[in-house]
Amino acid sequence: MDGFVPSGYVTLERAIEEIGRHMMPSDWQGQETTLLKRDDRVIEEVAEVGGVATATRTAIGRLNWAVNYLIAALFAGDVKAVVAREDGRLHDFPPSLWIRPGIRAAFRSGELPIDFRTAIEGHRVDSSKRWILLLDSDLRRLLRRLGTTRGRPDVEVQFRAWLVGKIDQAAGAEPPRKKRLWREAQGLFGAALPFRSFERIWTEAVPATWRRAKVARSARPAG
């Protein structure tokens, strides 16, 4: 990004670079973040670039794992984001916006997409730039607890990233059935992902509308 990054904050690009190195220490090459500015596939679901077994074999696959993992942490509130205006003022970035369609455009430039400005600032806004920054102390804490197994992301990290891709893909449509997602997850992760882990992460990660839809469907009369 252009301009000054206030003390205690980091850019989205810097956060992706550090997460990638921690998630995939044996595979991360250091050039993955250059794709943010020139490869539209950063908005693709992880499974579309090779699935769990092969995602880390390509630069775009590794980048997508890191982006999805960060989005999951931002949506859960584990990492706080702010919007920095050119005049130095900061606005909190509501965690719920991280699964709103169009937000991934922010990862290409580090700038808040114009469509999100009113949702955050609550009034008609000018055309000056707004940068998305992350609290560095939150990122440090996230990295400390980011587990790896033999240089690969552990299965819960992989599943959480995959699930965020599903949430983004389904934006604006009827939420997929939980049972269907469980079957898909079994196909990708197998016995390495027990149902109790699936249940916990699903509950933590999915939007409230998905949970309400589950209750509504279960209440529908048979036939």
Side-chain angles (χ1 to χ4, degrees), residues 1-23 32-40 42-43 63-146 160-161 163-172 203-212:
M1 67 174 278
D2 298 323
F4 173 71
V5 178
S7 177
Y9 292 92
V10 296
T11 63
L12 287 172
E13 183 174 339
R14 170 74 178 275
I16 290 298
E17 176 69 27
E18 296 202 35
I19 287 171
R21 290 187 183 280
H22 278 73
M23 287 182 77
E32 288 82 355
T33 52
T34 63
L35 298 176
L36 288 171
K37 296 179 176 62
R38 59 184 176 85
D39 198 318
D40 288 345
V42 72
I43 65 172
L63 178 62
N64 257 321
W65 276 121
V67 168
N68 280 348
Y69 183 72
L70 179 55
I71 289 176
L74 288 161
F75 174 65
D78 295 332
V79 178
K80 179 182 178 180
V82 299
V83 178
R85 294 167 55 103
E86 287 185 312
D87 59 13
R89 283 183 287 173
L90 301 178
H91 295 272
D92 288 341
F93 194 111
S96 60
L97 294 183
W98 285 107
I99 56 169
R100 177 171 155 179
I103 190 55
R104 289 175 183 243
F107 287 89
R108 295 199 182 98
S109 65
E111 188 179 353
L112 178 71
I114 293 176
D115 293 347
F116 288 78
R117 293 184 180 183
T118 300
I120 291 175
E121 299 185 17
H123 53 79
R124 191 178 184 87
V125 296
D126 58 56
S127 60
S128 61
K129 292 182 180 295
R130 273 88 162 146
W131 304 104
I132 298 178
L133 303 174
L134 310 183
L135 195 62
D136 186 57
S137 58
D138 286 353
L139 179 62
R140 299 301 124 207
R141 186 165 53 250
L142 185 72
L143 295 176
R144 284 195 296 269
R145 75 165 189 258
L146 180 57
R160 192 180 291 271
L163 183 58
V164 167
K166 286 290 186 183
I167 293 169
D168 186 72
Q169 184 184 49
T203 301
E204 293 171 354
V206 302
T209 52
W210 285 35
R211 294 190 289 274
R212 287 197 295 269

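In this text the structure is predicted, and so the values were computed from the model without any measurement.
The nearest pair of heavy atoms linking Arg141 to Asp78 is NH2-O, 4.2 Å. When all heavy atoms are compared, the tightest approach of Leu36 to Arg108 is O-CG, 3.1 Å. What you find for His91 and Arg85 is that their closest heavy atoms are NE2-CD, 3.5 Å. Listed here is the closest heavy atom pair of Ile132 and Ala106: CD1-CB, 3.6 Å. Pro113 approaches Gly102 most closely through the heavy-atom pair CG-O, 4.0 Å. The shortest non-hydrogen separation linking Val5 to Leu133 is CG1-CD2, 4.3 Å.
Shown here are the side chain to side chain contact (heavy atoms under 4.5 Å, CB included) partners of Leu90, two or more places apart in sequence or in another chain: Tyr9, Val82, Ala84. In this view, Ala72 and Arg160, Val164 satisfy the side chain to side chain contact (heavy atoms under 4.5 Å, CB included) rule, not counting sequence neighbours. Annotation: side chain to side chain contact (heavy atoms under 4.5 Å, CB included) contacts of Ala119 (sequence neighbours excluded): Leu97, Arg100.
A distance of 12.0 Å separates NZ in Lys166 from CG in Asn68, rounded to the nearest 0.5 Å. Ile114 contributes atom CD1, which lies 9.0 Å from atom NZ of Lys129 (distance to the nearest 0.5 angstrom).
Test Leu139, Thr11, Leu74 against Leu134 for side-chain contact (heavy atoms from CB on, under 4.5 Å) and you get one pass: Leu74.
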(message) Test side chain to side chain contact (heavy atoms under 4.5 Å, CB included) on Phe93 and Ile103; report intermediate values, then the result.
(response) CA-CA 12 Å; Phe93 194 111; Ile103 190 55; 3.7 Å; yes
(message) Would Leu143 and Ile19 count as a side chain to side chain contact (heavy atoms under 4.5 Å, CB included) here? Give the steps.
(response) CA-CA 7 Å; Leu143 295 176; Ile19 287 171; 3.9 Å; yes
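Between Arg140 and Glu18 there is a salt bridge, with a side-chain nitrogen of the basic residue lying less than 4.0 Å from a carboxylate oxygen of the acidic one.
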